[in-house]
Colleague: 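Sharing a structure, written as structure tokens. Questions coming.
Each chain gets a letter, A, B and so on, in the order its sequence line appears, and its residues count up from 1. Heavy atoms only: backbone and side chains are in, while hydrogens, waters and symmetry mates are out.
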There are 2 protein chains.
Amino acid sequence: MPEATVARLPLYLRALTNLAERGVATVSSEELAASAGVNSAKLRKDLSYLGSYGTRGVGYEVDFLRHQITREIGLTQDWAVVIVGIGNLGHALANYGGFASRGFRIAALVDADPSRLGEEVAGLNVRHADELEQIVQDLGIAIGVVATPARAAQLVCDRLVAAGVTSILNFAPAIVQVPEGVDLRKVDLSTELQILAYHEQRKNGAALALTAEQAAELAEAVNG
Amino acid sequence: MPEATVARLPLYLRALTNLAERGVATVSSEELAASAGVNSAKLRKDLSYLGSYGTRGVGYEVDFLRHQITREIGLTQDWAVVIVGIGNLGHALANYGGFASRGFRIAALVDADPSRLGEEVAGLNVRHADELEQIVQDLGIAIGVVATPARAAQLVCDRLVAAGVTSILNFAPAIVQVPEGVDLRKVDLSTELQILAYHEQRKNGAALALTAEQAAELAEAVNG
DNA sequence: AGACGCTTGTGAACGTATGCACAAAGTTGC
DNA sequence: GCAACTTTGTGCATACGTTCACAAGCGTCT
Ligand SMILES: NC(=O)c1ccc[n+]([C@@H]2O[C@H](COP(=O)([O-])OP(=O)(O)OC[C@H]3O[C@@H](n4cnc5c(N)ncnc54)[C@H](O)[C@@H]3O)[C@@H](O)[C@H]2O)c1
Ligand SMILES: NC(=O)c1ccc[n+]([C@@H]2O[C@H](COP(=O)([O-])OP(=O)(O)OC[C@H]3O[C@@H](n4cnc5c(N)ncnc54)[C@H](O)[C@@H]3O)[C@@H](O)[C@H]2O)c1
């Protein structure tokens with residue numbers, strides 16, 4: 001299955017969940033695509049990788065398709081997650097209810113700062129980074145979330161990997177190397193803002209260019 | 001300039017900043033690519049869109065290239081940003097120092113909950129959503145960050161756009177429509193975790209398949 | 001039963017992105 | 001001043017992703 005398709009399955013799943021909550025039983029690719037904000041041909045091609053779950057002339061059965069995608073993504077089981085670095089962002093993530101409802105259970109919180117140890121966040125005690133290996137093994141954790149400062153990110157990832165974690169979501173603005181077989185994704189908020197800034201600048205530039213053009217037109221009108 | 005290139009420029013900028021802090025004056029595409037975690041040919045092609053700023057046989061001058069990328073992204077000016085929704089995540093974002101150091105100034109915080117009004121977060125008073133238009137215009141805000149619940153996201157974006165914001169970063173797990181000319185990017189943490197879960201599941205599946213294969217080999221060994 | 005209308009699933013064309021490989025262009029050493 | 005070496009910038013082949021367009025399939029209505 002293409003990586004681009006995998007990245008969209010959660011989107012479809014969410015759209016289907018919304019439809020199910022609104023009591024919709026059947027949906028066409030056109031409607032579902034609109035709900036997910038994609039092109040309908042793309043949606044159909046994506047779904048075709050799961051199998052032929054639609055009915056021609058009718059569409060897709062919402063509950064059934066939802067179950068198929070859930071199974072494909074691997075959300076029939078709950079995944080235990082450890083968050084490393086319980087600062088600003090770590091607190092927000094730990095307190096976020098949206099993960100549990102999507103099949104992810106925050107199983108442990110870890111920080112290196114002794115003053116944070118024992119602090120209770122979202123019903124969990126913050127534990128020391130030295131216990132990481134033990135925690136990962138005891139709780140069967142496969143996914144780690146890194147919310148430490150950038151300079152600690154590589155070290156933390158190394159320790160997560162050594163402890164047996166094979167999927168990492170990194171929030172620190174740092175390039176991290178992981179061995180083959182470990183999946184690393186990064187969420188980079190500054191980069192997102194910078195991409196917006198780039199386009200914003202060009203918009204203003206375009207506006208200015210338009211003004212120049214208008215000025216030229218005006219000049220021509222005066223001269224002509 | 002290709003969108004994929006734009007998305008990598010911030011990465012290069014960060015790598016260059018790290019190098020500059022370490023006192024490195026010149027860097028080859030090979031070294032810079034390694035720092036940014038990309039292929040060196042890709043890096044050179046990306047940089048070639050900015051112009052011919054390298055010196056053959058030598059590499060790129062760190063400070064100069066950094067300045068060029070900064071200019072290209074549009075970070076020579078500071079961008080004023082408003083955060084809408086000062087809950088878990090909004091607090092973390094407001095308190096995050098990493099934005100200011102990258103050219104983004106959190107200029108205002110807005111929430112709809114009356115009990116939050118006047119609360120001071122990161123040196124700013126939380127103001128009411130009704131003031132949004134006024135705030136955006138007074139402070140010359142071009143970029144909005146949405147950290148409200150999903151059900152409010154479309155409404156908030158509509159109001160941001162109406163107020164004159166033309167770039168939005170959305171953290172709410174909702175599909176939001178914006179008019180042409182407005183840039184919308186989304187950061188979707190649940191989706192990221194779900195993509196990891198998909199691959200994690202396949203890893204386990206692969207492991208099981210391998211075990212089955214080993215079992216078959218074993219059976220063959222016994223039979224043969 | 002057959003015709004009609006709707007929607008899926010997919011082949012094919014197109015566009016974008018990546019990475020190789022190398023000529024061109026520079027530096028260094030003698 | 002020239003040869004040897006290094007590194008950039010880019011043409012080209014390949015891979016990946018998207019979108020169009022339509023035949024095949026299903027339900028419905030007469
Ligand atoms: N806060 C945000 O909104 C935001 C936005 C974008 C990016 N980020 C990035 O996310 C990361 C966390 O940001 P933050 O604002 O929460 O920072 P923070 O300083 O508030 O928290 C970092 C936490 O990590 C802990 N820590 C440090 N080294 C550690 C180690 N080796 N092992 C375990 N824990 C360790 C610290 O004790 C601290 O509690 C940073 O890399 C930041 O750049 C944050
Ligand atoms: N907290 C996280 O780590 C996290 C992670 C992933 C996604 N998200 C998403 O980010 C968003 C915010 O998450 P949170 O945990 O901070 O939620 P939260 O409930 O703590 O905060 C939401 C805030 O938005 C405010 N709000 C509601 N409607 C508003 C409106 N119309 N105008 C202005 N403000 C309004 C609320 O008063 C509240 O203060 C949610 O959509 C959530 O799904 C959060």
Side-chain angles (χ1 to χ4, degrees), chain A residues 1-12 15-16 19 24-69 72 175 185 191 195 198-199 202, chain B residues 1-12 15-16 19 24-69 72 175 183 185-186 191 195 198-199 202:
Chain A
M1 169 152 354
E3 190 57 32
T5 296
V6 173
R8 283 188 293 265
L9 289 183
L11 227 65
Y12 304 150
L16 287 167
L19 290 169
V24 177
T26 300
V27 69
S28 73
S29 66
E30 203 72 47
E31 295 166 314
L32 184 53
S35 311
V38 301
N39 176 299
S40 72
K42 184 151 57 175
L43 173 89
R44 287 198 298 277
K45 185 152 284 188
D46 284 344
L47 294 185
S48 76
Y49 290 107
L50 307 182
S52 280
Y53 294 144
T55 307
R56 290 166 194 238
V58 178
Y60 301 88
E61 209 196 318
V62 172
D63 278 334
F64 182 72
L65 186 55
R66 193 153 70 108
H67 180 256
Q68 293 303 325
I69 295 180
E72 188 71 22
I175 303 297
R185 296 188 66 87
T191 294
I195 295 170
Y198 170 84
H199 292 296
R202 291 187 79 233
Chain B
M1 169 154 351
E3 190 58 33
T5 296
V6 173
R8 283 188 292 265
L9 288 183
L11 227 66
Y12 304 150
L16 286 167
L19 290 169
V24 178
T26 300
V27 68
S28 72
S29 64
E30 202 73 46
E31 295 166 315
L32 183 54
S35 310
V38 302
N39 176 300
S40 72
K42 184 152 57 175
L43 173 89
R44 287 197 299 275
K45 187 155 285 185
D46 285 343
L47 294 185
S48 76
Y49 290 107
L50 307 183
S52 280
Y53 294 143
T55 308
R56 292 168 193 236
V58 177
Y60 301 88
E61 210 195 316
V62 172
D63 279 333
F64 181 74
L65 186 55
R66 193 152 72 108
H67 180 257
Q68 292 305 324
I69 295 180
E72 187 71 23
I175 303 299
D183 278 288
R185 296 187 65 87
K186 62 170 191 282
T191 294
I195 295 169
Y198 170 83
H199 291 296
R202 290 186 80 237

Colleague: Ignoring backbone atoms, test whether B/Ser29 places a side-chain nitrogen or oxygen under 4.0 Å from the OP1 or OP2 oxygen of D/dT8.
Modeller: yes

Colleague: Of the options A/Leu50, A/Thr5, A/Asp46, which is the one that meets A/Tyr12 in a side-chain contact (heavy atoms from CB on, under 4.5 Å)?
Modeller: A/Asp46

Colleague: Provide, to the nearest angstrom, the distance between the CG atom belonging to B/Leu43 and the C1' atom belonging to D/dG9.
Modeller: 12 Å

Colleague: Hey, does A/Val62 have a side-chain heavy atom less than 4.5 Å from the side chain of A/Leu32?
Modeller: no

Colleague: Rounded to the nearest angstrom, tell me the gap between atom CG in A/Leu47 and atom P in C/dT7.
Modeller: 16 Å

Colleague: For A/Glu3 and B/His199, does a side-chain donor sit closer than 3.5 Å to a side-chain acceptor?
Modeller: yes

Colleague: Distance check needed: C/dT7 P versus A/Leu32 CG, whole Å only.
Modeller: 14 Å

Colleague: Please report, rounded to the nearest Å, how far the P atom of D/dG25 is from the CZ atom of A/Arg56.
Modeller: 6 Å

Colleague: Does B/Tyr60 place a side-chain N or O at less than 4.0 Å from the phosphate oxygens OP1/OP2 of D/dG9?
Modeller: yes

Colleague: How close or far is atom P of D/dC26 from atom OH of A/Tyr53, stated in whole angstroms?
Modeller: 16 Å

Colleague: Starting at the 5' end of nucleotides 11-21 of chain C, put B wherever the base has a protein heavy atom under 4.0 Å, S where only the sugar-phosphate does, and a dash everywhere else.
Modeller: BB----SSBBB

Colleague: Using side-chain heavy atoms (C-beta onward) and a distance below 4.5 Å, is A/Tyr49 in contact with A/Glu72?
Modeller: no

Colleague: When the distance from CG of A/Leu50 to P of C/dT10 is rounded to whole Å, what number comes out?
Modeller: 12 Å

Colleague: Measure from CZ on B/Phe64 to P on D/dT8 and round the result to the nearest Å.
Modeller: 15 Å

Colleague: Take atom CG of B/Leu65 and atom P of D/dT8, then tell me their distance rounded to the nearest Å.
Modeller: 11 Å

